[in-house]
Number of protein chains: 2
Amino acid sequence: MKQSIDFTTLQEKVTATIREAIFTQTFKPGERLIQDELAAKLGVSRMPIREALRCLEREGLVEMLPHKGAQVIGISKEDIEELYYLRSFLEGVTVQKSMNFLTSNDREELQHLVEKMDQDIRNNNLDLFVNHNQEFHTLLQKGCSWKKVKMLNKQFIEGYPAHVPSLIPHSMQVSNEEHKAMLEALDQKDPVKLRQLVELHIMRAGEKLTQLIE
Amino acid sequence: MKQSIDFTTLQEKVTATIREAIFTQTFKPGERLIQDELAAKLGVSRMPIREALRCLEREGLVEMLPHKGAQVIGISKEDIEELYYLRSFLEGVTVQKSMNFLTSNDREELQHLVEKMDQDIRNNNLDLFVNHNQEFHTLLQKGCSWKKVKMLNKQFIEGYPAHVPSLIPHSMQVSNEEHKAMLEALDQKDPVKLRQLVELHIMRAGEKLTQLIE
DNA sequence: TTTTGATGGATTGTATCCAATCTTATTTTT
DNA sequence: AAAAATAAGATTGGATACAATCCATCAAAA
């Protein structure tokens, strides 16, 4: 298998494939996902498909009804507003609780990521920026011992096309400047400020995105 | 089938059964849930078990690892603090957004529920109180058009033994007085106040519960 | 003694088959 | 002609069977 990431289970591959197809609009909102069709198309049996659909249901990408099957969920402007409002609060709480438990190693790693993102911007490498950005956000939350909220944050990021926000012109620069501000708050050991910065960071991204949509 | 609720699907029955077993500590935290065992015990094949475990994973009751299977997740004091903190915020937002879209019918229904709960208290009927309480909270959220947050609220309630909080002595009376205050805020058409009341209502319950635990 | 490597049993992952349910089109009834 | 009943096809739900993976145990080598 020369796939960039090799999953340990067929079901995981299938999940990733379908998720990607939903993000790229190959499967359109409202479209029915028929298990037999998918199985034939992906060359597997229906069993991994079924489990994949359950996982996608958890991520909020599809809806499953008993005896009726799965449908792709559409995302409206309001859904995006909701998503960013929730993310803003939840990630805010998480980093506030996380901060005091971050090691100096983590601090350095965060610094590195910011520098890498600066480079990604210069190279105009969107995919890498998205990855590093995601790493940055995840690492910033590492110290938080609350599990549910961290799981939710992860799901919200996975359950939504992460590159879309970065497609906004000049958004990446602003974004990374805000990351630097977060590092300052970290140095000042000010968890409340850090939380505010994260909240604003995400809300700003959300507003940019909703503006762009209409 | 004369079961109180007849589910349309075996998997749903299995899910309910296992969930109940986790709540009643029949399956203890950390315990492995072996599919074959469960299948034999419940007299079904492994397939509905697998899907049930996925649903419970989404609810946060079990953890599944590839090729390793499912484990019951334990709930610590900190988990409860987290749960109530999150619920407080999320339900708060939801009712604030919901309020202006509640009909006068909804208002009456809420009034009825409060009266029923008063009666449940007099009759010392815990189960009924829990049900009515759940109905009350759900109905209060009805007008909110944000879907994710409503789903989360539902999951948080389902994913945690709802009767536990009501076991606290004299908690039900206080609880229902707070419900009445919410109805007043509703009459005053003050969404912000309603939100505050709901937040306090839930936080109070959470604190009572954590106090009781230690 | 510690580490490495095999081996067998336990458990999960996947495929295939059949049954249950839904949907749609057609026929029957009013 | 409209509504209700019916039957056929499509699709999901569940059972069984087999393959892949993990894990504990023990043996062999360093």
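Since we're looking at a predicted model, the values are computed, not measured. Throughout, protein chains are lettered first and strands after them, A, B, ... in sequence-line order, and every chain is numbered starting at 1.
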How many whole angstroms separate atom NZ of A/Lys13 from atom C1' of C/dG13? 12 Å
dist B/Glu81:CD -> B/Thr210:OG1 (nearest 0.5 Å) comes out at 5.5 Å
Side chain to side chain contact (heavy atoms under 4.5 Å, CB included) with B/Val14: which of B/Ile49, B/Thr9, B/Leu38? B/Ile49
Gap between atoms CG and P, on A/Leu65 and C/dC22 respectively (whole Å): 11 Å
In whole Å, I'd like the distance from the CG atom of B/Leu10 to the P atom of C/dT21. 10 Å
Ignoring backbone atoms, test whether B/Arg50 places a side-chain nitrogen or oxygen under 4.0 Å from the OP1 or OP2 oxygen of C/dG13. yes
A/Glu37 has an atom CD; how far is it from atom C1' of D/dG9, in whole Å? 15 Å
Closest of D/dG13, C/dT12, C/dT14 to the A/Met47 side chain is C/dT14
Where each residue is assigned the nucleotide of DNA chain C containing its nearest heavy atom, which of A/Glu51 and B/Arg32 is assigned the position nearer the 5′ end? B/Arg32
Mutual orientation of the aromatic rings belonging to A/Tyr85 and B/Phe89 [parallel < 30°, tilted 30-60°, perpendicular > 60°]: parallel
Which value, rounded to the nearest 0.5 Å, describes the distance between A/Ile18 atom CD1 and A/Lys41 atom NZ? 10.0 Å
Separation of atom CZ in B/Arg46 from atom C1' in C/dA15, rounded to whole Å: 12 Å
Just how far, in rounded Å, is P of D/dT11 from CD1 of A/Ile49? 14 Å
Calculate the interatomic distance between A/Glu12 atom CD and C/dT14 atom C1'; express it in whole Å. 14 Å
Of the candidates D/dG14, C/dA15, C/dT12, the side chain of B/Asp36 sits closest to C/dT12
Closest heavy-atom pair, B/Val198 versus B/Leu140, reported as atoms and distance to 0.1 Å, is CG2-CD2, 4.2 Å
Would you classify A/Gln11 as touching base, sugar-phosphate or nothing, given that sugar-phosphate means primed atoms plus P, OP1 and OP2, and contacts are heavy atoms under 4.0 Å? sugar-phosphate
With a non-hydrogen cut-off below 4.0 angstrom, is B/Leu33 in contact with a base, only sugar-phosphate, or nothing? sugar-phosphate
Nearest to side-chain heavy atoms of B/Gln35, which nucleotide of D/dA15, C/dG13, C/dA15: C/dG13
Check whether any side-chain N or O of A/Lys68 sits under 4.0 Å from OP1 or OP2 of D/dG13, and answer yes or no. no
Separation of A/Glu57 atom CD from D/dT12 atom C1', in whole Å? 14 Å
Picking from D/dT11, C/dG13, D/dG14, the nucleotide nearest the side-chain atoms of B/His67 would be C/dG13
